[in-house]
Amino acid sequence: MKVLFASAEAYPLAKVGGLGDVAGSLPKALKALGHDVRIVVPKYGTIGDVREDLGGFPVSVGGADHQAKLLGSAIGDVPAYLVDFAPLFDRPKVYEYPDDGQRFAFFCKALLDLMPEAGFWPDVLHCNDWHSALAPAFLKTTYAADERYRRIRTVLTIHNLQHQGLFGRDLFEWTGLPAETWNPEGVEFYGQLNFMKAGIVYADLVNTVSPTYAREIQTKEYGYGLDGLLRSRSAKLSGILNGIDYDVWNPAKDELIAQRYSKATVEKKARSKAALQEEAGLPTDPKAPLLGIVSRVTQQKGFDILIPALPQIAKLGAQVVLLGTGEKKYEEPLFLISKAHREFVTFLKYDEALAHRIYAGSDFFLMPSKFEPCGLGQIISLRYGTIPIVRSTGGLADTVVDIEANPKRGNGFVFTEYTPTALLDATRRAMEFHQAGKGWKALQQRAMGRDLSWKASAKQYAALYARALSA
Ligand code: ADP
């Protein structure tokens with residue numbers, strides 16, 4: 001099968017968050033299954049890995065023909081097309097410019113217009129999040145008369161519904177989409193152009209990054225105004241869990257951690273724990289339960305319930321190490337709590353290597369998210385035998401099973417209510433389990449035994465593509 005995988009980010013060419021991880025690893029796993037997958041991303045100013053000049057092509061948008069360049073790169077053995085149009089993309093950052101609407105509308109049009117120049121006509125166009133979600137709308141309208149485009153099927157993956165790409169009517173006019181698409185059954189959303197909505201309406205199939213999140217976004221609480229539309233499209237909506245790159249995240253081979261270990265030698269993890277305690281300036285007590293947090297510091301990640309619970313968690317005798325950056329309104333109280341409680345240590349920065357050391361060195365990984373489309377933190381920690389304590393939402397609910405509620409299958413500790421009390425109760429249960437010692441090693445080994453690589457999920461994506469083709 002021929003697949004064009006469109007994304008605003010793809011690691012290592014460009015990465016801001018989880019989308020970059022997925023776009024950098026899922027295509028490789030699909031390629032390993034024998035599919036002809038190619039990635040397309042804008043050529044940002046920060047991308048240096050350009051391997052080929054593939055020619056120029058016109059992009060017709062905003063009432064003019066713009067001359068863009070098509071450059072060739074690669075991620076592993078997956079070819080990558082770079083859309084080079086300096087006025088919109090030759091900048092240091094991926095997002096957060098006032099003209100992001102124009103930038104990604106251009107990208108959506110360009111990824112279709114590059115096909116004749118590339119000589120690549122995919123069976124399936126796989127769009128990811130709002131930045132590429134307008135492409136199915138162009139395909140089904142502007143390009144519908146062209147046989148070469150008409151046979152392309154489209155899949156949209158929603159990685160986070162909170163960000164939809166909302167812009168004014170003037171941008172709609174600029175895109176050149178036919179006037180009839182401006183209605184509530186099309187791309188219009190309460191007087192604005194909504195990229196994500198366009199994708200949901202016009203893509204042949206839509207999926208999210210976990211089965212539970214696929215159900216949740218059909219409710220008012222998680223739907224961000226699109227729940228009604230998603231309910232009406234539920235027949236074409238599904239959920240597929242993200243995997244992690246097992247080459248990057250492997251405690252048996254990880255060169256960034258103090259002591260390598262495997263499922264069979266999990267007791268060696270104690271050495272990584274001591275190293276982390278030392279690095280964080282904590283007493284190197286092997287018995288003190290050590291809780292790690294690696295996270296964006298935002299509302300989504302549960303800081304409204306974590307911050308009030310932290311002083312109590314410290315009083316229970318736990319050590320807590322947090323790595324993260326984000327909103328000041330959370331970073332400031334976190335800093336103050338760390339000053340008042342020496343068991344709570346904060347690293348308010350982004351640091352890949354330290355993240356590895358926290359995953360390897362902690363006994364528990366805390367993830368009390370308000371909502372979580374999939375979540376990678378809990379998946380990585382399972383891989384490292386670090387027991388997750390999570391709120392039951394989205395991908396967390398699909399990957400973590402409470403050991404006390406389900407002793408045969410449990411691999412962590414789970415709570416449901418979005419309150420500091422519920423978080424505290426789960427943490428207390430986890431610490432008691434750890435201190436009792438019975439079954440602790442078995443729990444770590446069970447966590448490490450679950451296959452959370454891309455292998456299984458890539459097969460599900462291939463099946464989704466096949467379904468799109470038969471639609
Ligand atoms: P999201 O994509 O919503 O931020 P995920 O759990 O899906 O959350 O993925 C977050 C990824 O980013 C994980 O790989 C996590 O280890 C990493 N990460 C988050 N914050 C930091 C940080 N401050 N330093 C290093 N890695 C981080």
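First listed ligand is number 1; within each ligand, the first listed atom is number 1. As the structure is a prediction and not an experimental result, all values here were calculated from the model.
Distances from ligand 1 to the non-hydrogen atoms of Lys349 include at least one value under 4.0 Å. For Ile380, the closest heavy-atom approach to ligand 1 falls below 4.0 Å. Using a 4.0 Å heavy-atom cutoff, Phe347 is absent from the residues neighbouring ligand 1. Put simply, part of Lys301 is less than 4.0 Å from ligand 1, judged by heavy atoms.
Taking a cutoff of 4.0 Å between a charged side-chain nitrogen and a carboxylate oxygen, Asp204 and Lys236 do not qualify as a salt bridge. The existence of a salt bridge linking Arg429 and Asp425 is excluded, since no basic side-chain nitrogen approaches an acidic carboxylate oxygen closer than 4.0 Å. Using a cut-off of 4.0 Å between Lys/Arg side-chain N and Asp/Glu carboxylate O, Glu372 and Lys301 are scored as salt-bridged. Salt bridge present: Asp99 and Arg91 bring a charged side-chain N and a carboxylate O closer than 4.0 Å.
Within a 4.0 Å radius of atom 16 (O) of ligand 1, the protein contributes one or more non-hydrogen atoms. By the definition of a contact as any protein heavy atom under 4.0 Å away, atom 25 (C) of ligand 1 is in contact.
Taking any N or O of Trp249, backbone or side chain, none lies under 3.5 Å from an N or O belonging to ligand 1. On a distance-only criterion, Met367 and ligand 1 share no N/O pair closer than 3.5 Å. Below 3.5 Å of separation, one finds an N or O of Leu376 facing an N or O of ligand 1. Between Glu352 and ligand 1, no pair of N/O atoms sits closer than 3.5 Å. An N or O contact shorter than 3.5 Å is missing between Asp21 and ligand 1 by distance.
Applying the 6.0 Å contact sphere to CZ of Arg342 captures no more than 12 heavy atoms from other residues, nucleotides or ligands.
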Exercise. Would Leu423 and Thr427 count as a side chain to side chain contact (heavy atoms under 4.5 Å, CB included) if you check the C-alpha gap in whole Å, the side-chain angles of each, and the deciding distance to 0.1 Å?
Worked result: CA-CA 6 Å; Leu423 164 58; Thr427 307; 3.9 Å; yes

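Each of Asn128, Thr208, Asp129, Asn242 was checked for a side chain to side chain donor-acceptor pair (under 3.5 Å) with His159, and the lone residue meeting it is Asn128.
Contact annotation: for Cys374 versus ligand 1, there are no heavy atoms closer than 4.0 Å.
Ring centroids of Tyr461 and His126 are separated by less than 6.0 Å, placing the two rings close together. Taking the six-membered ring for Trp, Trp130 and Phe107 have ring centres at least 6.0 Å apart. Aromatic rings from Phe195 and Phe104 are positioned such that their centres are separated by 6.0 Å or more. Aromatic pair Phe433/Phe413: centroids less than 6.0 angstrom apart.
Applying the 4.0 Å criterion to heavy atoms of Gly18 picks out, from ligand 1, the atoms 2 (O). Interface atoms of ligand 1 facing Gly377, defined by a heavy-atom separation under 4.0 Å, are 6 (O). The distance from ligand 1 to the heavy atoms of Gly324 drops below 4.0 Å at these ligand atoms: 23 (N).
Selection from Leu396, Leu348, Val294 by nearest heavy atom to atom 18 (N) of ligand 1 gives Val294.
Protein heavy atom closest to atom 13 (C) of ligand 1, with residue, atom name and distance, is Tyr359 OH, 4.0 Å. Looking from atom 3 (O) of ligand 1 to the surrounding protein, the closest heavy atom is Arg296 NH2, 2.7 Å.
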